[in-house]
Amino acid sequence: MATFYVAKSGNDSNNGASVGTAKLTIGAAEQLVDASVLAGIATNTISIGNGTYTETITYTGNNCTFTSTSQDRTAVIITQSNGSTFKLAKGSTGNAFKHLTIQNTDDDTNDNGIYGAQGGSGDWASYTVEDCILDCQSAAIQYAHACTIKRTKFLVNSGDNGSNVYGIKAGTGASGEVFNIEACLFVGWDKWAING
C-alpha cells in the first residue's frame, strides 16, 4: 500500500511521498495513485491536510482511500461549484471517503458531491463513505451501487431548491448486493432523503 500527501502548503511539483513534500492538489496526488497502480500497488491512500480544496477529482480506478490527515471531518473541505466534486467510474469498487466535508454548490441535476457513473461499464460505483459531511445541492450522492455509508451527515447546501433535492439519488443494492446506511443524519432533505 502507498500513501500520498496533499497540503495547502504543498506544491504539485513535489513527489507527494510525505507531509513535507506534499502535493498542492488532490488531482495531482490522484495521478500518483494511477502510477502506483501501474507499478503493481493495488491499494492506495491520499491523505489530505487541513484546508479548502476547490477542484473536481475524477478517479477511474479501485481501492483508493481519500481521507483527512487529521481525521477531523470539518477540517478538510473539498468543494466544487461547476460540476461534480468526485467522479468515480462505473464498475469501480473498493474506494473510500473518510473524515472529509464534500461540498457541491452546483444546482445542475447531474452535478453532485459524489457521482458514481463516470464512463466505463457495468454497475454504478461501489464505495464506502465514513464519518463525512456531505453539504451539497442538488444531490449529495448520485449513482451508487452496494455502498456502505456510516456516521455521515447529509446537508442541503443553500437550502431546499425544490424537486431536484436528493441526499442519495439512484442508490441501489441490486443484483443481490446490500446497500448499507448506518448511523447517518439527513438534515433539510424535505424532497428526498433517499431515492432508489
Exercise for the section: Considering only NZ, NE, NH1 and NH2 on the basic side and carboxylate oxygens on the acidic side, decide whether Arg151 and Glu182 come within less than 4.0 Å. Expected result: no
Exercise for the section: Determine, for Asp131 against Arg73, whether the closest basic-nitrogen to carboxylate-oxygen distance falls under 4.0 angstrom. Expected result: yes
Problem - Candidate pair Ile141 and Leu134, rule side chain to side chain contact (heavy atoms under 4.5 Å, CB included), full reasoning - result: CA-CA 8 Å; Ile141 289 173; Leu134 290 162; 3.9 Å; yes
Completion exercise
Those residues at least two apart in sequence (or on a different chain) that pass salt bridge (charged side-chain N to carboxylate O under 4.0 Å, His left out) with Asp135 are none
Check for me, please, whether [X] and [Y] land in the same ILVMFWY cluster - side-chain distances under 4.5 Å, paths through other members count.
X: Tyr59; Y: Ile48; answer: yes
X: Ile46; Y: Ile102; answer: yes
X: Ile181; Y: Leu185; answer: no
X: Tyr143; Y: Val129; answer: no
X: Val156; Y: Ile194; answer: yes

To the closest 0.5 Å, what do you measure between [atom1] ([X]) and [atom2] ([Y])?
X: Glu30; Y: Ser36; atom1: CD; atom2: OG; answer: 11.5 Å
X: Lys98; Y: Cys132; atom1: NZ; atom2: SG; answer: 10.0 Å
X: Asp108; Y: Ser138; atom1: CG; atom2: OG; answer: 7.0 Å
X: Leu32; Y: Asn15; atom1: CG; atom2: CG; answer: 8.0 Å
X: Phe4; Y: Ser18; atom1: CZ; atom2: OG; answer: 12.0 Å

Please work out which of the three classes, parallel, tilted or perpendicular, describes the rings of [Y] and [X], given edges at 30° and 60°.
X: Phe97; Y: Tyr127; value: perpendicular
X: Phe86; Y: Phe66; value: perpendicular
X: Tyr166; Y: Trp192; value: parallel

Under 3.5 Å, is there a donor-acceptor pair linking the side chains of [X] and [Y]?
X: Asn62; Y: Ser92; value: no
X: Asn63; Y: Thr43; value: no
X: Asn44; Y: Thr3; value: no
X: Thr69; Y: Ser47; value: yes
X: Thr79; Y: Gln103; value: yes
X: Asp106; Y: Ser81; value: no

Any idea which heavy atoms bring [X] and [Y] closest together, and the distance?
X: Ser68; Y: Leu100; answer: N-CD2, 3.6 Å
X: Gln137; Y: Asp107; answer: OE1-OD1, 3.5 Å
X: Lys90; Y: Ala117; answer: CG-CA, 3.4 Å
X: Ser84; Y: Asn110; answer: OG-O, 3.4 Å
X: Phe186; Y: Ala193; answer: CE2-O, 3.6 Å
X: Ala89; Y: Ala125; answer: O-CB, 3.6 Å

Main-chain N/O of [Y] paired with [X] side-chain donor or acceptor, under 3.5 Å:
X: Lys87; Y: Ile57; answer: no
X: Asn104; Y: Gly83; answer: yes
X: Asn14; Y: Gly16; answer: no
X: Thr152; Y: Ile149; answer: no
X: Glu55; Y: Ile26; answer: yes
X: Lys23; Y: Asp12; answer: yes

Exercise for the section: Before giving the answer on side chain to side chain contact (heavy atoms under 4.5 Å, CB included), spell out for Phe154 and Cys136 the whole-Å C-alpha distance, their side-chain angles and the decisive distance to 0.1 Å. Expected result: CA-CA 8 Å; Phe154 290 79; Cys136 302; over 6 Å; no
Practice task
Validate the cation-pi geometry between Lys8 and Tyr53: distance from NZ or CZ to the six-membered ring centre under 6.0 Å, angle to the ring axis within 45°.
Solution key: yes
Handout entry: Steps toward side chain to side chain contact (heavy atoms under 4.5 Å, CB included) verdict (Thr85, Asn112)
Key = CA-CA 6 Å; Thr85 308; Asn112 320 113; over 6 Å; no
Handout entry: Thr45 side chain reached by Cys64 side chain, heavy atoms, under 4.5 Å
Key = no
Practice task
Report the C-alpha separation of Thr101 and Ile78 in whole Å, then their side-chain angles, then the decisive distance to 0.1 Å, and conclude whether the side chain to side chain contact (heavy atoms under 4.5 Å, CB included) test is met.
Solution key: CA-CA 6 Å; Thr101 293; Ile78 305 165; over 6 Å; no
